[in-house]
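Below is one structure, written out as C-alpha cells; the observations come after it.
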Amino acid sequence: MAEEIRISKEFIEKELPVAPPMYVSVFLMTQALGMAATESKVAEKLDILESDVRKAWKYWEERKVLLVHQKTEETQKKPLPSVRPSYEAAEMAVYMSRKDVKELFSYAEQKLGRSLSHHDTEVLFGLYDWLGLPIDVIEMLIAYCISLEKRGMSYIEKVGIAWAEEGIDTIDKATAFIQMRRTGFRQIMLTFGQGTRLPSKGEEEFMKKWIQEYRLPMEIILAGCERTVLRIGRVSFPYADSILKGWKDAGVKTMEDIERLDAAYTAKQKTEQNTGKKQSYQKQIQPRKNRFINYTQREWDYEELERMQRQERDEW
C-alpha cells in the first residue's frame, strides 16, 4: 500500500489559492521525499532548477509553513563557484522556453537596445540560476545599471554579484539600495567636491556605515564632511568617520545638537585656558629664592608695620 501524505485543511484553504503552482509542487514533492529531500532530488523529480527549489523553500519558510525535511536551506545551500557556470547553447534553448526567462531576455534587449548574444544570455541567466536573484530584481538591476550609463554585461554581472552578496533579493531591498546610492552617496561625494566621480569600494563602505549603521540624518553626515575639509583642507573619509562616530555616540540628531556640542566644547576650552593662566600667574608671584638668600623670605604685613611706627612716635 502506498504511503500517504497528510495535508491539513488549513493549508489547502489558506495557502493553495495564493501560492505559485511551482512552489506548491515543490512543497508536495518535499513532503513526499521526507527526510531524504534535497535540492537536487526535488529538482530532478520535478524537472526544474535547484535554484527554483531554493526559492520555493524560502517562500514556505517566510509563510511559516513547516516542511517535513529537517535539512535547512542554510545547510543545503551550496557555496557559489568562484566563476559563473557555463551554459551550452542547447541548454539555454531549453531554459528560454520558460515564460519568465523569455520575458527577462526580452526586457533586457529592449533596455539595452540590441539583440542578446549567447554570452549575454549566459550572464543574465546566471544572475537567476547561479546567484539566485528573482527575475523582477534582475530587471531592476538592469534598469539601474543603464541609468548609470553602464550597458556592458560585465558591469551588470558585477553589480549582480554585489547585490547577491549583500542579500538584495527583493524589490524593496533593491529600491532602498538604489535610493541610497542615488541620493546619499551622490550628496556626500558632491559635498566632498568629488563631482560625479563614482566612489571606490572603501569609500562606499564608509558611506554605508554612516547611513545604515550610524543611522545619521543626511544633513548631519554632510556637516561632518564639510567640517573635515575645513579642518584639514582635504578629503578624508577616515577623518570624517571619526567626527561622525563622535556625534553618533553623543546622540546627535539635528544641527542644533551639533551647535550645543560646539558651545560646550568652546566653554570647556575657555575654562581650561583661564585655569592655566591663573596657575601661571600664581606661580609667577611666589617668593623666589636666590643664591644670596637661601632661606624662606618673610612675607611682611605693611599695615602692621605702619601701626607699630605710629605707636612708637606716640610714646616719644
Side-chain angles (χ1 to χ4, degrees), residues 17-27 29 39-40 42-60 62-63 77-78 80-81 83-182 198:
V18 296
M22 184 179 67
Y23 291 178
V24 175
S25 298
V26 170
F27 174 83
M29 184 58 67
E39 290 177 2
S40 57
V42 174
E44 181 183 359
K45 291 284 186 181
L46 297 176
D47 193 22
I48 60 176
L49 300 172
E50 292 183 19
S51 57
D52 291 330
V53 177
R54 289 196 296 270
K55 290 184 179 70
W57 283 354
K58 184 178 181 181
Y59 170 85
W60 292 119
E62 291 174 349
R63 298 285 295 179
K77 187 174 182 179
K78 299 178 181 178
L80 291 177
V83 295
R84 168 178 34 83
S86 178
Y87 302 100
E88 300 294 334
E91 187 179 6
M92 287 302 306
V94 174
Y95 296 142
M96 288 181 66
S97 64
R98 292 180 43 169
K99 181 181 178 182
D100 55 351
V101 175
K102 189 175 182 179
E103 289 178 348
L104 171 63
F105 291 167
S106 176
Y107 176 87
E109 288 183 333
Q110 178 185 356
K111 287 294 183 181
L112 295 172
R114 59 180 172 81
S115 298
L116 299 179
S117 65
H118 175 69
H119 173 71
D120 294 338
T121 58
E122 276 192 307
V123 171
L124 291 177
F125 188 72
L127 298 177
Y128 174 78
D129 179 56
W130 171 44
L131 300 179
L133 296 177
I135 296 292
D136 55 355
V137 173
I138 297 174
E139 291 178 348
M140 179 171 281
L141 186 154
I142 294 171
Y144 169 66
C145 292
I146 292 175
S147 71
L148 299 177
E149 298 184 356
K150 301 288 185 179
R151 297 174 178 270
M153 201 55 67
S154 60
Y155 185 86
I156 292 174
E157 183 178 41
K158 181 180 178 180
V159 176
I161 292 172
W163 283 21
E165 290 176 345
E166 295 191 25
I168 302 174
D169 54 4
T170 66
I171 291 294
D172 288 342
K173 291 179 181 178
T175 301
F177 173 85
I178 293 172
Q179 184 71 11
M180 179 178 67
R181 288 292 300 257
R182 284 181 175 171
L198 292 176

Q | Any donor-acceptor N/O pair, T175 side chain to I171 backbone, under 3.5 Å | A | yes

Q: Report the residues that fulfil salt bridge (Lys or Arg N to Asp or Glu O under 4.0 Å) with E157, sequence neighbours left out, ordered by chain and then residue number.
A: R84

(Q) Measuring from atom CG of L49 to atom CZ of R98, what distance do you get when rounded to the nearest 0.5 angstrom? (A) 5.5 Å

Q) Going by atom types alone, do D120 and S117 pair a side-chain donor with an acceptor below 3.5 Å? A) yes

Q. Considering residues at least two apart in sequence or located in another chain, which fulfil the salt bridge (Lys or Arg N to Asp or Glu O under 4.0 Å) criterion with K173?
A. D169

Q: Could you label the plane-to-plane angle of the F27 and W60 rings as parallel, tilted or perpendicular, counting under 30° as parallel and over 60° as perpendicular?
A: tilted

Q) Counting heavy atoms not belonging to E166, are there more than 12 under 6.0 Å from its CD? A) yes

Q.
If I take atom CD from residue E122 and atom NE2 from residue H119, how far apart are they, to the nearest 0.5 angstrom?
A. 7.5 Å

Q.
I need the M96 CE to L116 CG distance, nearest 0.5 Å.
A. 8.0 Å

Hey, can you pull the donor-acceptor pairs under 3.5 Å for the side chains in residues 133-156, sequence neighbours left out?
{"unit_1": "S147", "atom_1": "OG", "unit_2": "Y144", "atom_2": "O", "d": "2.4"}
{"unit_1": "S147", "atom_1": "OG", "unit_2": "R182", "atom_2": "NH2", "d": "2.9"}
{"unit_1": "R151", "atom_1": "NH1", "unit_2": "K111", "atom_2": "O", "d": "3.0"}

Q) When rounded to the nearest 0.5 angstrom, what is the spacing between OH in Y95 and CG in D129? A) 6.0 Å

**Q.** Gap separating the CE atom of M22 from the OH atom of Y59, nearest 0.5 angstrom
**A.** 11.5 Å

**Q.** Spacing of OH belonging to Y107 relative to CG belonging to L112, to within rounding of 0.5 Å
**A.** 9.5 Å

